[in-house]
Each structure stands twice: as C-alpha cells, then as structure tokens.
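Since the structure comes first, as structure tokens, the remarks are kept for the end.
Throughout, residue positions are numbered sequentially from 1 according to the sequence presented. What you see below is based on every heavy atom in this structure, not just the backbone, and it leaves out hydrogens, waters and symmetry mates.
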Amino acid sequence: MAEMAAEPRTLPTLRQALTEGPAMLRLLEIWADRRWLRDLDYAFAQTLLRRDPAMQPLAILAAALVSQQAGRGHLLLAMDKVLSDPDVCLSRPESVRETSAGIVMPKALLTGIDPGIWRGMLEASIAVGDGTTRTPLVLQGNDLYLYRHWQHERRIETAITRRLLDPHAIDAVSVRPLLDQLFPGDSRPDVAIDWQKLACALCARQRFAVITGGPGTGKTTTVIRVLAMLQTQALAETPARTLRIRLAAPTGKAAARLNQSIAGQVQGLGLGKLSEPKAIRAAIPTRVDTLHRLLGSRPDTRHFAFHRDRRLPVDVVVVDEASMIDEAMMTALIDALPDRARLILLGDKDQLASVEAGAVLGSLCAGAESGGYDTETQHWLEAASGETLDPALIATTPRLLEQGIVMLRHSHRFDADSGIGGLARAINSGDPDAARRALEQAQGEDICAKDLSGSDDPAFLEGVLHGRGPDAPGYLSCLETLTSRRPQTADAAALDAWALEVLEAQAGFQLLCALRTGPFGVEGLNARIETALFEGGHVPVESTGRHQWYEGRPVIVTANDYNLGLRNGDIGVTLRIPANDGREASTLRVAFHRQDDAGQVHWVLPSRLQRCETVYAMTVHKSQGSEFRHSALILPNTPSPALTRELLYTAVTRASRAFTLFTPNAEVFAVAITRQIERASRLFATRSSSRS
C-alpha cells in the first residue's frame with residue numbers, strides 16, 4: 001500500500017481498469033480502503049503484477065478475488081459463479097451498492113465476459129499453472145485456487161482414497177462375537193437399526209472412518225467401544241501387544257470435554273464376557289491432546305514436528321469435533337499419519353465449520369444422510385453386526401467415500417418430545433415456519449423465545465441474570481452458589497470442593513452471540529452484564545476500571561498456555577480464598593477444572609493469565625465443543641452474513657436442558673434459517689472411485 005500512497009488518488013475509469021494493469025491495481029486499492037477487500041488481497045495482486053508486468057487486468061482482479069474468497073473460508077474462486085453475480089464476492093455487497101458512486105464495481109468489469117476469455121487471460125500469466133508446478137495460482141477448469149489450497153485439497157482426497165481402497169483384511173464373522181458382547185441385546189435402544197453397532201463394524205474394517213451425528217447420538221460412547229474392539233483384536237493376535245492409540249480434538253476446550261467424557265465412560269464400559277477386560281480397559285487411552293500438541297506445533301510457524309518425512313508413532317488416531325478442522329490442519333494430520341494407521345473422525349456435520357478455510361467434515365459427509373453404501377459394504381456390515389440395512393441406504397451408483405462414513409441417528413439426549421431436539425431438526429430442515437412452530441409448541445418448557453425492543457430491553461437482563469427456573473438458571477445462580485457454599489475453613493480440600501461446585505454452577509448458563517462487536521455482540525454485552533452486576537451489588541467493586549479482577553468474574557482463556565496447563569477455550573471463575581503468605585487475609589485465584597482430571601481444581605494467579613477475557617457472553621463459534629444446561633442466543637436486530645442455519649443449530653444444541661432465544665426482530669431468525677454456509681470446495685465433489 002505504501003507504494004501507491006504517493007500516486008494521485010484518481011478513480012480509474014472502466015476502460016482504464018479493463019486495459020491497464022496499474023489502473024486495475026488502483027481500483028483494488030480503493031476497494032481495500034473501503035474494506036470491501038482486505039489489504040492482504042490487494043497486496044497479493046500487487047505482488048503478482050510486480051512478478052508478471054504483462055498480467056492482464058482481469059487476471060489481476062481474479063487474483064485479488066481468490067485471495068478474498070480464501071479469507072472468507074472458500075478454497076477456490078468459482079469463476080462461473082462470480083460471473084453470474086459479480087458483486088457478491090466483495091465482503092459487504094449490501095453496502096457496496098449504496099456507497100459506490102463513481103467507483104467501478106465487479107459487475108461493471110465482468111458483465112458480458114465469457115468464462116473462456118477470462119480463463120485465457122489467466123492461462124497467459126506466468127503466475128498461473130495447472131498444479132504440476134509451483135505457481136501462486138492454480139487454474140482447473142473454471143476454478144481458480146491459491147496453490148496451497150489446491151495442494152491441500154488434493155493431498156486430503158488422495159490420502160483418504162488410498163486408505164479406503166485398502167481396507168483391513170478382516171473376516172466379518174470374527175467381528176460379530178465382539179460386537180455382540182459390546183452391544184448386548186438388552187441395552188439396545190428401541191430403534192430399527194443400532195447405528196452405534198454398525199459404526200463399530202465399519203471402523204473394524206476401514207483405515208479411514210467418519211462417525212457423524214447430532215448431539216446425544218452417542219459418538220463418544222461408540223468410539224470407546226470401537227477402541228475396546230480394536231484392542232481386543234490386537235491382544236488376540238499378539239498377546240501383550242496393544243495398539244498405539246492417540247485421542248485429539250481441534251481446540252483445548254473440545255479436548256478437555258472429551259477427556260472428561262472418556263475418563264468416566266471407560267471405567268463403566270461393559271465388556272461382557274470378553275477375555276482380559278482389565279487389559280482392554282487399560283489399553284484405552286483417556287488423555288486427549290489438541291491437534292497442535294499431537295503434531296508438535298512449532299511456535300510462530302505453520303510447521304509441525306511430525307510431517308510426511310517424520311510420521312507419528314501411532315496405530316490409531318481418533319479426532320473429536322472434526323467439524324472444526326480446517327483444510328490446512330487436516331492436511332497436516334493426514335501427512336503425519338503412517339500409511340497403515342487408522343484415522344477415525346467424530347463430529348456433527350451440521351455444526352459450524354472451521355473459522356479458517358475449508359469445511360472438511362461437511363464436504364466428507366454431504367451424502368451421509370442417504371447412506372450410499374455399495375452391496376459389498378452392505379453385506380459386510382450386516383454379517384459383522386447382525387443389523388439389517390434399509391434398502392434406501394444402498395446406492396445404485398455408489399462412491400468409495402461413503403463406504404467409510406456412518407451417521408448415528410438416535411438421540412439419547414433429546415427424545416421425540418424434546419423442544420430443543422425438535423427446534424434443532426426444524427432449523428436443519430431450512431424451514432422457518434417449521435422452526436416457528438417448534439418454538440411455539442415448546443414455549444415455556446425446555447425452550448423459551450423472548451422478543452426484545454433492543455439490546456437495552458430490561459427483559460434481556462432479567463433473563464440472563466435470573467434465568468427462568470431450576471433447569472434454566474441465569475448468572476446469579478452461580479453467584480448464589482459462590483456465596484452460599486463458601487467454606488468456613490481454609491482447608492484446601494474444602495476450598496477445592498467449593499470451587500468445583502462454583503464451576504458446575506457456572507456451566508449452568510451461557511449467553512451466546514452471533515457477532516463479536518456492536519450492541520448485540522460479545523464486547524458490548526459483556527460490558528453491559530458486568531455493569532448490571534456491579535450496580536446491583538451482585539459482585540464486589542474491588543478496583544476501578546472495567547475488566548479488572550473481582551470475585552465472581554468468569555474468564556475464558558484465549559490462547560494455549562502449556563506452562564500453566566491451560567488451553568484455548570478453558571473457562572474459569574475468579575474466587576477469593578484465604579491467603580497463605582501471612583501478608584493479607586485473602587487473595588484472588590482463578591479456578592479451572594484440571595486438564596487430566598475434571599474432578600480436581602487447577603488454581604491460577606490472575607496476574608499469570610495474560611491471554612484471557614471476561615465471558616458473560618461468548619460467540620457461538622467459541623462455544624463449539626461445550627455443553628451448558630441452559631444456553632441463550634441473542635440475535636442482532638438486522639440480518640448479517642454471519643447469521644446462518646449452522647450457527648443457529650450450533651447455538652441450540654449447546655443446551656442440554658433449556659434454551660432461550662432473544663430476538664428484537666423475528667425476521668432475522670427466519671432469514672438465518674434459510675441461509676446456509678456455502679464454502680467453495682471440490683473435495684470429493686466431482687470424482688468418484690471404485691474398488692475395481
């Protein structure tokens with residue numbers, strides 16, 4: 001940008017922008033100044049023009065747009081789609097039309113342009129290739145990629161295909177007795193097909209498998225039985241030699257939650273009459289790492305200690321909350337796996353995708369609902385599990401990908417009468433009327449919808465502070481526990497027990513937001529709730545200035561800190577405890593659940609928490625991997641590109657017992673249901689593979 005600052009700030013004409021590279025660059029700078037493009041997108045185009053001074057203006061435009069699309073989570077620029085609606089590629093198309101007087105817009109530049117002509121302009125540049133050599137841009141048909149995204153997509157697809165084409169040579173008849181022991185008939189849910197048992201059967205055969213399903217469908221329960229089955233097979237083949245298994249999740253919060261869930265379930269796992277039950281339980285790991293820690297992230301770089309030339313020493317890797325994995329991280333994981341190792345992904349395909357580019361789980365599970373199994377897979381699964389697949393799940397033209405994917409369909413958390421479950425299903429259907437009916441039918445039970453006049457509506461504060469009953473608490477419930485259960489002794493065990501009660505109460509309610517800024521965003525609402533607590537005398541005003549430390553302040557860690565044993569997303573509560581240095585009567589400490597044991601407390605000095613923030617409100621993205629007894633979602637009063645079906649679904653399913661919707665404009669809710677996240681990708685989109 002500095003190079004251009006000295007040039008006259010003239011507005012390029014349409015003719016100039018179409019015929020002169022520097023004029024196109026000036027236009028991109030103007031768009032960046034108005035935040036329609038990022039400075040990074042402009043700088044990328046500027047670099048390419050410097051490398052190739054003969055680059056055609058529309059090729060320069062395409063370079064800026066593909067960079068812009070990457071910033072919005074897309075792996076490619078779909079040129080034919082851009083030509084059908086050129087202005088949609090800018091960040092704020094609704095405001096562009098109002099403030100673009102005199103500025104040439106994409107629609108003017110691209111109207112009447114034939115895709116073949118645009119492709120030809122790109123092919124003529126030395127900055128564009130077909131992927132066989134390393135060039136900044138890769139052109140495939142009408143799709144334009146940044147080179148790294150092209151590489152990532154190809155490597156993911158190639159690695160998964162290779163694993164699916166090389167299933168384990170295991171006899172289905174030998175698997176059946178193991179699964180019958182792990183899934184006794186008297187524990188079978190009252191459903192036509194035991195999908196958890198089928199998922200175990202599929203994982204016994206495949207080196208790559210995905211187990212997807214909504215909240216409460218038993219993904220974690222299923223994978224524990226998968227691991228028990230695999231370790232039983234390993235011990236039978238080679239006594240005293242168990243599989244090397246690693247468990248991981250994309251974020252610290254998701255890792256901690258899986259850790260807590262698995263630790264309890266492994267001990268209670270029914271192993272029927274399987275031999276060596278103690279050895280099997282001992283061989284199922286309970287430690288869960290973040291993917292960054294699993295791969296050995298190197299500070300301030302994109303590189304990892306484990307990669308294609310130095311593979312992980314593992315036989316099985318299980319990754320939970322896979323919807324949060326972006327394509328770069330998936331590539332790093334795939335690269336680091338030994339060729340013979342199994343990879344099992346768990347996740348809800350309908351949740352929000354990763355913040356970074358790509359929607360890997362969504363792409364992989366696009367056909368999960370319909371099954372898509374071939375007859376070979378059908379017969380193997382039925383023989384191994386004893387279940388009978390619905391003929392509708394058998395594809396007439398099967399793809400290889402679907403042979404490694406199973407969708408769990410029976411929710412143990414939300415029954416048929418659950419308002420939360422019904423609302424989640426209605427949102428996923430994309431039908432605003434069905435969602436409204438679900439809200440109305442469940443109103444006052446586990447779901448409540450409150451119309452607001454604005455973000456300062458008293459009903460909002462009433463709802464978040466007081467909640468609406470024992471199953472739908474508000475923030476004051478946590479503060480009441482803090483006060484009423486405070487120990488009268490300085491005994492460490494008593495303080496730990498108190499802190500655990502407070503942390504449990506804190507998990508009773510969480511306010512979720514779609515936006516980060518503005519009156520309906522995290523920053524504004526955190527300040528507003530904090531002020532209400534101060535003014536109401538609910539928390540002590542112990543220091544001047546906002547966001548200072550005080551008893552009762554909930555905080556969320558915003559970056560991994562392995563020195564402190566804390567992960568990004570960990571939530572703690574600030575408590576006042578007796579001081580042990582003799583200089584003062586009491587001191588503030590922040591209580592967290594311990595990473596390796598959720599039944600223990602990890603106390604941290606506030607002064608050591610350098611990367612944290614108050615968390616009365618958090619974004620829906622931040623809430624992924626969490627569960628709250630009562631969650632509430634506040635929507636803004638105007639539509640936003642951030643409001644999508646996936647965001648609503650993720651917010652609703654964070655609640656285990658109660659959900660509250662705050663909305664100042666019912667139409668915003670309806671519009672969000674009809675808007676899906678569409679991330680341009682060609683991962684398994686057009687290619688199919690066969691076993692032959």
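The backbone N or O of Cys203 lies less than 3.5 Å from a partner atom in the side chain of Arg342, making a donor-acceptor pair. Looking only at distances, a side-chain donor or acceptor of Asp446 sits under 3.5 Å from a matching main-chain atom of Ile420. Distance alone, capped at 3.5 Å, places no donor-acceptor pair between the Asp496 side chain and the Val601 backbone. Remark: the backbone N or O of Ala341 is not paired with any side-chain donor or acceptor of Asp315 at under 3.5 angstrom. For Lys219 (side chain) and Gly214 (main-chain N/O), a donor-acceptor pair under 3.5 Å exists by modelled atom type. The closest donor-acceptor contact from the side chain of Asp570 to the backbone of Arg567 lies under 3.5 Å. Thr232 places a side-chain N or O within 3.5 Å of a backbone atom of Ala228 that can act as its donor or acceptor partner.
For the side chain to side chain donor-acceptor pair (under 3.5 Å) test, residues two or more places apart in sequence or in another chain that qualify with Glu501 are Arg485. Listed by chain and number, the residues in a side chain to side chain contact (heavy atoms under 4.5 Å, CB included) with Ala507 amount to none (sequence neighbours excluded). For Asp471, the side chain to side chain contact (heavy atoms under 4.5 Å, CB included) partners at least two apart in sequence or on another chain are Arg657. Residues that satisfy the side chain to side chain donor-acceptor pair (under 3.5 Å) test with Gln351, not counting sequence neighbours, are Gln624. Qualifying salt bridge (Lys or Arg N to Asp or Glu O under 4.0 Å) partners for Arg257, counting only residues two or more places apart in sequence or in other chains: Glu627. Applying the salt bridge (Lys or Arg N to Asp or Glu O under 4.0 Å) rule to Lys349 yields the partners Glu369; only residues at least two apart in sequence or on another chain are considered. Residues that satisfy the side chain to side chain contact (heavy atoms under 4.5 Å, CB included) test with Ala336, not counting sequence neighbours, are Leu295, Phe306, Leu312. Contacts of Glu276 classified as salt bridge (Lys or Arg N to Asp or Glu O under 4.0 Å), with partners at least two apart in sequence or in another chain: none. Residues passing the side chain to side chain donor-acceptor pair (under 3.5 Å) test with Arg281: none are found, sequence neighbours excluded. Checked against side chain to side chain donor-acceptor pair (under 3.5 Å), Thr290 has the following partners two or more places apart in sequence or in another chain: Tyr562. Listed by chain and number, the residues in a salt bridge (Lys or Arg N to Asp or Glu O under 4.0 Å) with Glu504 are Arg629 (sequence neighbours excluded).
Once rounded to the nearest 0.5 Å, the distance linking CG of Leu495 with CG of Leu575 reads 9.0 Å. Going from atom CG of Leu247 over to atom CZ of Arg287 covers 10.5 Å, rounded to the nearest 0.5 Å. Note that CD1 of Ile673 and OG1 of Thr644 are 11.0 Å apart. Values are rounded to the nearest 0.5 Å. A distance of 6.5 Å separates CZ in Arg553 from CD in Glu530, rounded to the nearest 0.5 Å. Thr663 OG1 to Phe669 CZ: the interatomic distance, rounded to the nearest 0.5 Å, is 8.5 Å. Here Lys622 contributes atom NZ and Asn568 contributes atom CG; the two are 4.0 Å apart, rounded to the nearest 0.5 Å.
A side-chain N or O of Ser261 and one of Gln265 form a donor-acceptor pair less than 3.5 Å apart. A donor and an acceptor atom, one from each side chain of Thr660 and His630, are located under 3.5 Å apart. Under the 3.5 Å distance criterion, with hydrogens and angles disregarded, a donor-acceptor pair is assigned to the side chains of Arg589 and Thr587.
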From CA spacing to verdict: side chain to side chain contact (heavy atoms under 4.5 Å, CB included), Leu258, Thr220: CA-CA 8 Å; Leu258 181 61; Thr220 305; 3.9 Å; yes
Leu352 and Ser323: CA distance, side-chain angles, deciding distance, side chain to side chain contact (heavy atoms under 4.5 Å, CB included) verdict: CA-CA 7 Å; Leu352 282 167; Ser323 64; over 6 Å; no
Pair Ile245-Ile284, side chain to side chain contact (heavy atoms under 4.5 Å, CB included): steps then yes or no: CA-CA 8 Å; Ile245 299 174; Ile284 301 175; over 6 Å; no
Derivation of the side chain to side chain contact (heavy atoms under 4.5 Å, CB included) call for Leu291 and Ile325: CA-CA 9 Å; Leu291 283 171; Ile325 305 176; 4.0 Å; yes
Side chain to side chain donor-acceptor pair (under 3.5 Å) between Tyr475 and Glu480, intermediate numbers included: CA-CA 9 Å; Tyr475 283 128; Glu480 181 182 348; over 6 Å; no
Steps toward side chain to side chain donor-acceptor pair (under 3.5 Å) verdict (Arg654, Ser623): CA-CA 7 Å; Arg654 295 314 88 207; Ser623 75; 4.6 Å; no
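Inter-residue side-chain proximity for Leu346 and Val319 is flagged as unmet; no heavy-atom pair is nearer than 4.5 Å. Side-chain atoms of Arg246 and Val316, non-hydrogen and from C-beta on, never get closer than 4.5 Å to each other. Residues Val317 and Leu294 meet the side-chain proximity criterion, which asks for heavy atoms closer than 4.5 Å. Two residues are said to be in side-chain contact when any heavy atoms from C-beta on lie closer than 4.5 Å; Asp561 and Leu609 fail this criterion. Side-chain contact between Val522 and Tyr616 is absent, with no heavy atoms from C-beta onward closer than 4.5 Å. The shortest distance between side-chain heavy atoms of Pro664 and Asp451 does not fall below 4.5 Å. Two residues are said to be in side-chain contact when any heavy atoms from C-beta on lie closer than 4.5 Å; Ile634 and Val464 fail this criterion.
Taking both residues in full, the closest heavy atoms of Leu182 and Gly270 are given as CD2-O, 4.1 Å, listed atom of the first, atom of the second, then distance. Thr481 and Ala505 get closest at one heavy-atom pair: OG1-CB, 3.6 Å. For the pair Ala514 and Leu633, the tightest heavy-atom approach, listed with the atom from each and the gap, is N-CD1, 4.4 Å. The two residues Thr212 and Gly347 have their closest heavy-atom pair at OG1-O, 2.8 Å. Of all heavy-atom pairs between Pro250 and Glu321, the closest is CG-O, 3.3 Å. Residues Gln506 and Pro554 share a closest heavy-atom pair of NE2-CB, 4.2 Å.
Using cut-offs of 30° and 60° on the angle between ring planes, the pair His602 and Phe592 is tilted.
A cation-pi arrangement, defined by a distance under 6.0 Å to the six-membered ring centre and an angle within 45 degrees of its axis, is present between Arg409 and Trp195. Remark: Arg298 fails to qualify as a cation-pi partner of Phe304 under the 6.0 Å distance and 45° angle criteria applied to the six-membered ring.
Of the residues listed (Leu661, Leu515, Leu512, Leu452), the one engaging Leu635 in a side-chain contact (heavy atoms from CB on, under 4.5 Å) is Leu661, and it is the only one.
Identified under the salt bridge (Lys or Arg N to Asp or Glu O under 4.0 Å) test for residues 604-615, with sequence neighbours left out: Arg516-Glu613.
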